[in-house]
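Heavy-atom basis, side chains included; hydrogens, waters and symmetry copies ignored.
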Amino acid sequence: MRVLGVDPGLTRCGVGVVDGVAGRPLTMVGVGVVRTPADAELSHRLLAVEQGLEQWLDEHRPEFVAVERVFSQHNVSTVMGTAQASAVAMLCAARRGIPVALHTPSEVKAAVTGTGRADKAQVGAMVTRLLRLSAPPKPADAADALALAICHIWRAPAQNRLQQAVDRHTAGKTAQRTAPRTAPATKGRTA
């Protein structure tokens, strides 16, 4: 499975591609950041993020895109920029028919380090170890993007099984509701 992890941001949008399957050693295919100038107009920055992500999608052809789920922050302008960059990543993937998964920061930290409260240095250290790299990817946005891809590779099989169970359950309920009802049989009454 090849996954493009996206740590959304307007100034630095982290991107990382990882190959592998759960339970086997993983391989980093590529890592970097898509940068935009902080003084550029918002529309131009979003366009630059889109163009950068399209290049990554063209070059690496991932089967899945894993994006960090935007969470509430006290700084509204920061969360808005993150949400906008996240939407661009989802749009780029959807345009190509690539499934998108959203993972919260605590899910990613827990998957990679074992605790949802890990700091950036711990995440970077575990990404380095898991991918057998000589040094942590810089900046931290790049390491976070790789962590997102790793998280998705490890969580996807369980999520798929859970979704299939939900789908079967829902289909069974739907079949029960739409099944034709038959009138109860009456025993040999005569008039």
> Do L130 and L146 have side-chain heavy atoms sitting under 4.5 Å apart?
Replying inline: no

> Minimum heavy-atom separation for V123 to A147, with atom names?
Replying inline: CG1-CB, 3.8 Å

> What closest approach, in Å, do A85 and L46 show between heavy atoms, and which atom pair accounts for it?
Replying inline: N-CD2, 4.3 Å

> Between R69 and E107, is there a side-chain N and carboxylate O pair less than 4.0 Å apart?
Replying inline: no

>> Measuring only between side-chain heavy atoms, which start at C-beta, is R155 closer than 4.5 Å to V108?
In response: no

Run the side-chain donor-acceptor check on residues 25-39: report pairs under 3.5 Å with partners two or more places apart or on a different chain.
unit_1	atom_1	unit_2	atom_2	d
T36	OG1	L10	O	2.2
T36	OG1	R45	NE	3.0
T36	OG1	R45	NH2	3.4

> Any idea which heavy atoms bring A149 and G5 closest together, and the distance?
Replying inline: CB-N, 3.9 Å

> Does R24 come within less than 4.0 Å of D19, counting only side-chain N to carboxylate O?
Replying inline: no

>> Are V3 and P62 packed together at the side-chain level, in the sense that at least one heavy-atom pair is separated by less than 4.5 angstrom?
In response: no

Tabulate below the donor-acceptor pairs under 3.5 Å that side-chain atoms of residues 86-93 make, not counting sequence neighbours, or state none.
none

> Can you tell me how far CD of E54 sits from CD of E59, rounded to the nearest 0.5 angstrom?
Replying inline: 13.5 Å

> Quick one: SG on C13 to CD on Q84, what's the gap to the nearest 0.5 Å?
Replying inline: 12.5 Å

> According to a 4.5 Å side-chain heavy-atom criterion applied to Ile, Leu, Val, Met, Phe, Trp and Tyr, with indirect links allowed, do L42 and L53 form part of one hydrophobic cluster?
Replying inline: yes

>> Out of the candidates V15, I98, L148, V18, only one should pair with L4 under the side chain to side chain contact (heavy atoms under 4.5 Å, CB included) rule; please name it.
In response: V15

> With a 4.5 Å heavy-atom cut-off, do K109 and M126 have their side chains touching?
Replying inline: no

> side chain to side chain donor-acceptor pair (under 3.5 Å): which pairs involve residues 119-133, sequence neighbours left out?
Replying inline: K120-D144

> Got a donor-acceptor contact below 3.5 angstrom from the R2 side chain to the H60 backbone?
Replying inline: yes

